[in-house]
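Counting convention: from 1, in listed order, for ligands and their atoms alike. Keep in mind that the numbers below use all heavy atoms, side chains included, and drop hydrogens, waters and symmetry copies.
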Amino acid sequence: MHTGPLIPPSLRATALIDLAALRSNVAALRAHAPGAAFMAVVKADAYGHGMVECARAARQAGAEWLGAATPQEALALREAGLPGRILCWLWTPGGPWRECVEAGIDVTVSARWALDEVVAAARAADRPARVQLKIDTGLGRNGAQPADWPDLTRAARAAEREGTVRVTGVWSHFSCADEPDHPSIARELTAFRTALAQAADAGLEPEVRHLANSPGTLTLPEAHFDMVRPGVAMYGISPVPRLGGPADFGLRPVMTLAARLASVKRVPGGHGVSYGHLYVTPGETTLALVPLGYADGVPRHASGTGPVLVAGKWRTVAGRVAMDQFVVDLGGDGAAPGDEAVLFGPGDAGEPTAEDWARACGTIAYEIVTRIGARVPRVYSGEAA
Ligand SMILES: *Cc1c(COP(=O)(O)O)cnc(C)c1O
């Protein structure tokens, strides 16, 4: 729990990132999957929390692997000096295969064109590429179709024999792991086991077979295989709000988003507030201006609904969220410019949570934290000694 001011004096707003909470979340998640290796998924700037700092903290907490979506993210991790295993998976033709091979990054291949490009890159780099093969077990996104899998695994094995490739992993991704009784889960587990057997038939011996995201890590032990790949839960957000909040899974939210009031003023009743005058003051009142808007990732859908802790109480965004700012009506309460408004945090100092914002905006908490913009400085606390 935070005591004292959250925001350094010269800043208008900050996303406070509690790295001690992140490390403790990694430990809690590892305890749910004791036999499995741990991949800390740090794509999308670590879901808005700051990729390099969170990757370092996850490593300190024992994460053997880092997971990135794009090769550019993976290369940035390496350039920041993070050693060890890094996997990325979202490739397009002509991508930086050679750079990744030379940086010792594990790359994901879902189709023949990708295998051909990585083999060419390995030849050019004169070192074998570490390749993980992805099967589509039913999500319908990336990954080889089961019909194409035997051919892809045989081609990868042939590349292994000629020394251009080492197949280090076979993996897939669930479609509905956040709905623990969904019938697709058993189907996708079966499809994954079939794909593993076919990969073995082709002669592949991957180091890691993996399938579980955060909900799979927390609720599906049969899906842990050799490694789990949690993202959102590592940032202290419940991946299955229906089953429980973060504390029910031993997790603590990592991000607190706070701003200093930029204006506090008395206005008469009948005063329109923000673009379109969607809100009109019901009587004489105090309006406070929060200097964060949709350019900072405060969803415009929060207009009239987003919750904010100001002057000791939950208030609601009054009228439209603008690009840089929004207003809250303090009713009869007082506040001063510079006072802190907390949009969301762990919730134990009375502030709303990212989950509260997700509910108010009709989205998921993943999207709330991930979209917090680059204009909001991240301020880190809880670094390991
Ligand atoms: C984003 C992602 C994850 C992490 O998912 P969470 O639901 O955030 O745990 C795991 N694996 C892949 C392939 C992903 O794209």
Which is it for R157 and V167 under the side-chain contact (heavy atoms from CB on, under 4.5 Å) test, yes or no, and what are the steps along the way? CA-CA 8 Å; R157 179 63 191 134; V167 175; over 6 Å; no
Minimum-distance protein heavy atom relative to atom 13 (C) of ligand 1: W171 CZ3, 3.4 Å
Does the R12 side chain pair with the main chain of P291, one donor and one acceptor, at a distance under 3.5 Å? yes
Sub-3.5 Å N/O-N/O distance, K134 and ligand 1: no
For atom CZ of R141, is the number of surrounding heavy atoms from other residues, nucleotides or ligands below 6.0 Å larger than 12? no
Is it the side chain (CB and beyond), the backbone, both or neither of F174 that lies under 4.0 Å from ligand 1, heavy atoms counted? neither
Looking only at distance, does G231 have an N or O less than 3.5 Å from an N or O of ligand 1? yes
heavy-atom search around atom 8 (O) of ligand 1 in the protein gives Y47 OH, 2.5 Å
With heavy atoms under 4.0 Å as the rule, classify the contact between H173 and ligand 1 as side chain, backbone, both or neither. side chain
Record the part of S214 in heavy-atom contact with ligand 1 below 4.0 Å; permitted values are side chain, backbone, both and neither. both
More than 12 heavy atoms from other groups under 6.0 Å of CZ on R30: yes
Taking the side chain as C-beta and beyond, is there a heavy-atom pair between L75 and C100 under 4.5 Å? yes
Identify the closest protein heavy atom to atom 2 (C) of ligand 1: which residue and atom is it, and at what distance? K43 NZ, 2.6 Å
If we count only N and O atoms by modelled type, under 3.5 Å, do the side chains of T164 and E162 hold a donor and an acceptor together? yes
Between P230 and ligand 1, is there a nitrogen or oxygen pair with a distance under 3.5 Å? no
Can an N or O of R141 be found at a distance shorter than 3.5 Å from an N or O of ligand 1? no
Tell me, which protein residue and heavy-atom name are nearest atom 7 (O) of ligand 1, and how many Å apart are they? Y366 OH, 2.6 Å
Closer than 3.5 angstrom, by distance alone: can the side chain of R23 be matched with the main-chain N or O of G382 as a donor-acceptor pair? yes
Less than 4.5 Å apart, any side-chain heavy atom of V131 and any of E160? no
Taking atom 10 (C) of ligand 1 as the reference point, the nearest protein heavy atom with its distance: R229 O, 3.4 Å
For V232, counting its heavy atoms only, list the atoms of ligand 1 lying under 4.0 Å from any of them. 6 (P), 8 (O), 9 (O)
Does either side chain, that of Q132 or that of T168, offer a donor lying less than 3.5 Å from an acceptor on the other one? yes
